[in-house]
Amino acid sequence: MAVKTILTEPNKLLRQVSKPVEKVTKNEQILMDDMLDTMYAANGIGLAAIQIGVPKRIIVMDLSKDPKKKEPRYFVNPVIKNKNLEKATYEEGCLSVPNQFAEIDRPKQCDVEYLDYNGKKQLLKADGLLATCIQHEMDHLEGILFIDYLSKLKRSMIAKKLSKLKSNTAIL
Ligand code: NI
């Protein structure tokens, strides 16, 4: 179990398409444990492997509101099978786009097929925040960030803020 460094935009790795996992082995389980530790340490509710620099199609999430009651979820090779035409709007943020938030529309419900922590095939019917979160995380697997859905103007404002943030950060 280890807390890893979360990559932040701009970073080429975040734009890379992640590769499917052939088999869930001990290595993938260690990666999922590290991802969860990293996510909890950063107070996030979801994290994709590429955010810690590993281009594998793996996501971890925990939407539990009570910090004492952990409800970790693991998704390996997630695929959306079905999505609702109805949209839901949530204010989204991202551990790779620090301190930036924006309202994003996404399908309100979706069915996701994936392998769990033990490599077992599962189907999840997601709606509300769960549906939004899984879609946000699955975008990471395609190299897409939530800011990509914003207007050019808004995106360039965020890019400016982020580069300022980076130049003021001493990496020690
Ligand atoms: Ni994100």
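Hydrogens, waters and symmetry mates play no part in the numbers below; they use all other heavy atoms, side chains included. Ligands are counted one by one from 1 in listed order, and the atoms in each one are counted from 1 as well.
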With a sphere of 6.0 Å drawn around CD of Glu91, does it hold more than 12 non-hydrogen atoms of other residues, nucleotides or ligands?
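Check passes, neighbour count above 12.
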
Atom CG of residue position Leu85 - does it have more than 12 heavy atoms of other residues, nucleotides or ligands inside 6.0 Å?
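Result for CG/Leu85: open.
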
Taking only residues two or more places apart in sequence or in another chain, which ones pass side chain to side chain contact (heavy atoms under 4.5 Å, CB included) with Lys121?
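Applying side chain to side chain contact (heavy atoms under 4.5 Å, CB included) to Lys121 gives Glu113, Leu115.
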
Salt bridge (Lys or Arg N to Asp or Glu O under 4.0 Å) with Lys83: which residues, sequence neighbours excluded?
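Result, salt bridge (Lys or Arg N to Asp or Glu O under 4.0 Å) vs Lys83: none returned.
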
By ring-ring contact (aromatic ring centres under 6.0 Å, His included), which residues pair with Tyr74, not counting sequence neighbours?
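Per chain and number, Tyr74 pairs via ring-ring contact (aromatic ring centres under 6.0 Å, His included) with Tyr117.
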
What are the protein N, O or S atoms, given as residue plus atom name, that sit under 2.8 Å from the Ni ion (ligand 1)?
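Listed by chain and number: Cys94 SG, His136 NE2, His140 NE2.
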
Trace of the side chain to side chain contact (heavy atoms under 4.5 Å, CB included) decision for Arg73 with Leu130
CA-CA 11 Å; Arg73 295 171 183 268; Leu130 180 59; 3.9 Å; yes

